[in-house]
Amino acid sequence: YGTRYGASIRKVVKKIEISQHQKYMCDFCGKVAVKRVSMGIWFCRASNCQKTIAGGAWQKTTASAMTVKQTINRLRKMQLETAD
């Protein structure tokens, strides 16, 4: 980028590029082998897994997806407790 665009924007872009190029842990096989294929498409490169996962554009999971997952788990737990 050189001296163009400003320091704060370059820092934000660097953070996004690092997070999108790193490997993430697979929810199915537990190995750190999930890489970004394209925007929102993630693929586990473990030889025994090979699963395609839908996720965030730059990170495998987004903050809102984690909130929804926690809420669903909490409601499911409450439903199981009332059923007993």
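Every value quoted in this text rests on a predicted model; they were computed, and no experiment measured them. Residues take their numbers from the sequence shown, with the count starting at 1.
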Self-check item: Stepwise side-chain contact (heavy atoms from CB on, under 4.5 Å) check, Leu75 with Gln79
Solution: CA-CA 6 Å; Leu75 292 173; Gln79 187 178 18; over 6 Å; no

Exercise. Indicate the atoms forming the closest heavy-atom contact of Arg10 with Arg4, along with that distance.
Key: NH1-O, 3.1 Å

Practice problem: Take Glu17 and Trp58, measure what side-chain contact (heavy atoms from CB on, under 4.5 Å) needs, and give me the verdict at the end. | Solution: CA-CA 8 Å; Glu17 286 181 348; Trp58 296 293; over 6 Å; no

Self-check item: Audit row: Lys69, Ile72, side-chain contact (heavy atoms from CB on, under 4.5 Å) steps and yes/no
Solution: CA-CA 5 Å; Lys69 189 174 182 179; Ile72 289 172; 5.9 Å; no

Quiz item: Once you round to the nearest 0.5 Å, how far does CH2 of Trp42 lie from OG1 of Thr52?
Solution: 13.0 Å

Could you pull out all donor-acceptor pairs under 3.5 Å where a side-chain atom in residues 24-38 meets a protein atom, sequence neighbours excluded?
{"from": "Tyr24", "atom 1": "OH", "to": "Ser19", "atom 2": "O", "distance (Å)": "2.8"}
{"from": "Asp27", "atom 1": "OD1", "to": "Lys60", "atom 2": "NZ", "distance (Å)": "3.2"}
{"from": "Asp27", "atom 1": "OD2", "to": "Lys60", "atom 2": "NZ", "distance (Å)": "3.2"}
{"from": "Lys35", "atom 1": "NZ", "to": "His21", "atom 2": "O", "distance (Å)": "2.9"}
{"from": "Arg36", "atom 1": "NE", "to": "Ala57", "atom 2": "O", "distance (Å)": "2.7"}
{"from": "Arg36", "atom 1": "NH2", "to": "Ala57", "atom 2": "O", "distance (Å)": "3.4"}

Quiz prompt | Connected via hydrophobic side-chain network under 4.5 Å: Ile41 and Phe43 | solution = yes

